[in-house]
Structures are given as structure tokens and as C-alpha cells.
Amino acid sequence: MRVLLVGAGGVGGAVTRIAARRDFLTHMVVADYDLSRARAAVDALPGQGDRFSALRLDASDEEAVRRALTAHRCDVLLNATDPRFVMPLFRAALAGGVDYVDMAMSLSAPHASRPYEECGVKLGDAQFELGERWAASGRLALVGMGVEPGLSDVFARYAADELFDEIDEIGVRDGANLTVEGYEFAPSFSIWTTIEECLNPPVVYEKERGWFTTAPFSEPEVFEFPEGIGPVECVNVEHEEVLLIPRWVDARRVTFKYGLGDAFIARLKTLHELGLDATGKVTVPGEDGPVRVSPRDVVAACLPDPATLGDRMTGKTCAGTWVTGTKDGRRREVYLYHVVDNQWSMREYGSQAVVWQTAINPVVALELLATGVWSGQGVLGPETLPAGPFLDLLTAYGSPWGLREEV
């Protein structure tokens, strides 16, 4: 399999380190707007010069991306950029006649008059609008194939197929006990994406009602996370699983809650109150005259790069899917989960836990596609494909998952 990886940041760099250990990959072109970052990702892989190469590429330039896919004879485009670039890359892959995999979906827009009651443009709507064209092309766009969304959706499929006869609620629950020495505020993932998903109206799905929204950080609950992480307060956050899972898995209710903590939420609220979460450009003075910049990009530039925090981080991160329902006439409640210890991921791969946990899942998916174990046409989520082979291969990669019976 020949892959064009677009984005050589923390997640993209972790993708290369994981993929370098697997035989299914023939060649990976590591592309980034910053060529030095792409080269650094390739240079970190000694002895892999014949399988990895670096390329400067603007993810917003659809034609340039299409040409790169053709020139390098790629089979698939793996998108490791932030959600702003989903649609140009998605369209470029379609035009180039290759498969496509991403870890986050096209952006949402709040309802104009009732943002905390009704959905406006939902996550992924722009991608699903092109579903018929993808199906007609005979190619697969596998969307939301990171950890959350991604592995969490695989867990939902596994629960529906193997653990339950009827499902009441599927609730993705994410929590960690990670700390970063020397920083009062240092998000472990892209602040651009974190602001987007945390400050947008969260989406909830109920079978009788469909999709609807609530206020940010609503419905707080304390969830007990495994492997020593312990209790973490989680709140509603906008996330792709709520838009993906109900399309293919029968459940009465689907939610996503994230363990953020009061201090983190307070800082996000402050950014919003000051208008520093905005993506529209404003004019600021520069050495050579006025400069147009996005406030959110300024915030991202002022914070440490999450990919560089691994040496200062301690603790574990947990992604998982909590499911309630019935099996053989009896009530059942389980939590399927995946935990990564930062000390382990740094020692084994040189990548901090959060970006590594995100990166391993698309690599597993690529291997399943390369070997023909997974296949499909059109725009599909991870829950449309067999869960067992994915979970088996994830374990074979040296990163096992767990299942906790709650009752």
C-alpha cells in the first residue's frame, strides 16, 4: 500500500513511527506545509529511507494534493491535519481516485437562532453530501478513524454484535490523569481542535427525537476510569461519534462526554469571552505593516506544541465506550476501553500518549484495508466494518484493549 500522509504534526509523526514497524506499507509520502516538519518525521525513522519520503504540500490546495496522489501512485490519502482541511483533502482524494481516511470530520455550524436546542450544520454533513459520488467511484472514504471518533465507534459495533441484544445507551467517555510539568495550561492535543469541539453546542442523539443540542459542558457526571486513573467529572462535548454511531448501530441514546476539569473549562470559557476562540481573521500591527490573523491561531502559536510535551508528561489517558442494555433477557452494562501510559508510549515510540493513541488506530485500519480484511465503498464510519479483526490487530500491535463489566 502506498499512502499520502498529509500532516506531520504530533499525530502524523506518531503515525510514521507506528507504520514503520509494519510490513503492509510499501511507501508513505509524509506531506506538510512546513517541509522541515515533514523531513523531521522521516529523519526520525532510521533505515526507512526507501519507504518514507518528505514533501511540502498545502492541504488547502486541492489540485496540488490531487497531483501529489497521482505523481506518487498513492492508494490512499490519510488526513492528519486539523478539521479545517478535511473538505479540500476529501475532495482531492475523490478527484484523484484513491481511498481516504481521516480522524476528524468536516466542521459544524450552530443553528442560527436555537444553537442550544437544535442542530445547524452537523459534523460530517459536508462529507455525507458527497456519499453518492464516493460510492459511484467505487472508492472508500473511511471517516472518523482515530481514537475518538474511531476506536470508540469500533467498540460500539463490537458491543452491538457480540455483547448485547438490545442497547439503551452508548456513551463515549474519555478521561485521563495526565499532568504536564512546568505548565499551568498545556493541552495535550491540538488547541484549535479542542476549542472547536468544547465550545460548540454538544450534540445528543435520542431515537425518538433524533439529534439535538445542549449548552457546552452540560450534564456533568463522575465516571470511574480504569487502570488507576480513577473518578473524573465528564461533561457533554460535541463529537463525531454521536453523529456516526446512530447511522449504523441501533441504540436509544448516544452521548459523548469528556473529562476536562474545572480549571480547563474555565480557561476555555475565558478564551470565548475574550473572542480568542474566533477563527475569522482580525487586523493587528506587524513589523512590516498590518497583518491579518485568526485569534485562535494566535492562541495555538502561544501555547506549547502538544507533540513536544511528552518528556514533561506523566500519567495515563483512557478512551472508551460505555454501553447499557440487555443480553439474554438480563440487564447488562459494560465499558470497553483503551488505556495508554505516557511513560510507555514515550519509551517505545517517542510519542506522548494522547497523540500516539490517536495515531495507532488509522494505521491499524490501513493495514486491514491493505490486506482486504476491511473493504467498502462510499462514505462510511468505523462502525460499518467488522470490529473483531480490528481489536485483534490492535492487540497484536502491542496495545491491548479492555472490557469492564459494570453490573
Side-chain angles (χ1 to χ4, degrees), residues 10 82-83 104 107-111 115-117 119-120 123 146-149 152 171-204 212-225 229-243 254-279 294-306 309 312-320 322 342 352-355 357-358:
D82 72 53
L107 292 170
S108 65
H111 190 278
Y116 303 136
E117 292 86 21
C119 296
L123 292 169
V147 59
E148 293 172 338
S152 50
V172 180
R173 298 293 184 265
D174 180 304
N177 61 0
L178 294 167
T179 59
V180 183
E181 180 185 359
Y183 291 98
E184 291 189 11
F185 185 58
S188 57
F189 202 71
S190 161
I191 188 60
W192 202 101
T193 303
T194 300
I195 289 173
E196 184 72 17
E197 63 189 24
C198 291
L199 292 179
N200 279 349
V203 181
V204 175
F212 62 94
T213 58
T214 69
F217 316 120
S218 58
E219 299 181 0
E221 67 176 51
V222 175
F223 191 84
E224 185 78 25
F225 288 92
I229 295 174
V232 178
E233 185 178 77
C234 299
V235 294
N236 279 326
V237 169
E238 181 191 49
H239 234 251
E240 287 90 342
E241 292 95 323
V242 180
L243 286 311
V254 182
T255 57
F256 180 97
K257 293 189 179 183
Y258 195 9
L260 295 171
D262 291 341
F264 197 95
I265 290 173
R267 289 183 173 96
L268 290 176
K269 287 182 175 179
T270 298
L271 290 175
H272 178 65
E273 290 163 0
L274 296 174
L276 295 174
D277 61 326
T279 57
S294 156
R296 193 184 298 187
D297 287 339
V298 172
V299 172
C302 291
L303 290 172
D305 180 351
L309 297 176
R312 293 173 174 263
M313 286 174 61
T314 56
K316 299 177 181 179
T317 184
C318 177
W322 166 74
N342 186 74
Q352 55 103 321
V354 176
V355 300
Q357 188 183 45
T358 304

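This one's a predicted model, so the numbers in the text were calculated from it and none came from an experiment. In what follows, residues are counted from 1 in the order of the sequence shown.
- A distance-only check finds no donor-acceptor pair linking the side chain of E196 to the backbone of L199 [under 3.5 Å].
- Side chains of T194 and F264 form a contact here, defined as non-hydrogen atoms less than 4.5 Å apart.
- For T270 (side chain) and A266 (main-chain N/O), a donor-acceptor pair under 3.5 Å exists by modelled atom type.
- Side chains of T179 and T314: a donor-acceptor N/O pair is present below 3.5 angstrom, by distance only.
- Side-chain N or O atoms of R312 include one that pairs as donor or acceptor with a backbone N or O of E181 at under 3.5 Å.
- At least one donor-acceptor pair under 3.5 Å links the side chain of T213 to the backbone N or O of E117.
- A 4.5 Å side-chain heavy-atom check between V172 and T255 finds every atom pair outside the cut-off.
- Shortest non-hydrogen contact noted between M313 and L178 is CE-CD1, 3.6 Å.
- For the residue pair E238/S108, the side-chain donor-acceptor check at 3.5 Å is satisfied.
- A heavy-atom distance below 4.5 Å is not found between the side chains of F223 and E233.
- By the 30° and 60° cut-offs, the orientation of the rings of H239 relative to F256 is parallel.
- With 3.5 Å as the limit, one finds no donor-acceptor pair spanning the side chains of T193 and D82.
- Side-chain N or O atoms of R296 include none that pairs as donor or acceptor with a backbone N or O of A278 at under 3.5 Å.
- Residues F217 and K269 have side chains in contact (heavy-atom distance under 4.5 Å, counting atoms from C-beta outward).
- If you check the side chains of N342 and Q352, you find no donor sitting under 3.5 Å from an acceptor.
- A donor-acceptor contact shorter than 3.5 Å links the side chain of S218 to the backbone of A215.
- Counting non-hydrogen atoms of other residues, nucleotides and ligands closer than 6.0 Å to NE2 of H111 gives a total above 12.
- Here the shortest heavy-atom pairing between P83 and L107 reads CB-CD2, 3.5 Å.
- Of all heavy-atom pairs spanning R173 and E148, the tightest one is O-OE2, 3.9 Å.
- Between the side chain of N177 and the backbone N or O of K316 there is at least one donor-acceptor pair closer than 3.5 Å.
- Between F225 and C234, some side-chain heavy-atom pair lies under the 4.5 Å cut-off.
- Counting heavy atoms from C-beta on, the side chains of L268 and I195 come closer than 4.5 Å.
- Closest of all the heavy-atom pairs between E240 and P149 is OE1-CD, 3.4 Å.
- The shortest side-chain heavy-atom distance between V237 and N200 does not fall under the 4.5 Å cut-off.
- You'll find the side chain of P201 reaches within 4.5 Å of the side chain of Y116, heavy atoms only.
- Across V204 and T214, no two heavy atoms sit closer than the pair CG2-CG2, 4.2 Å.
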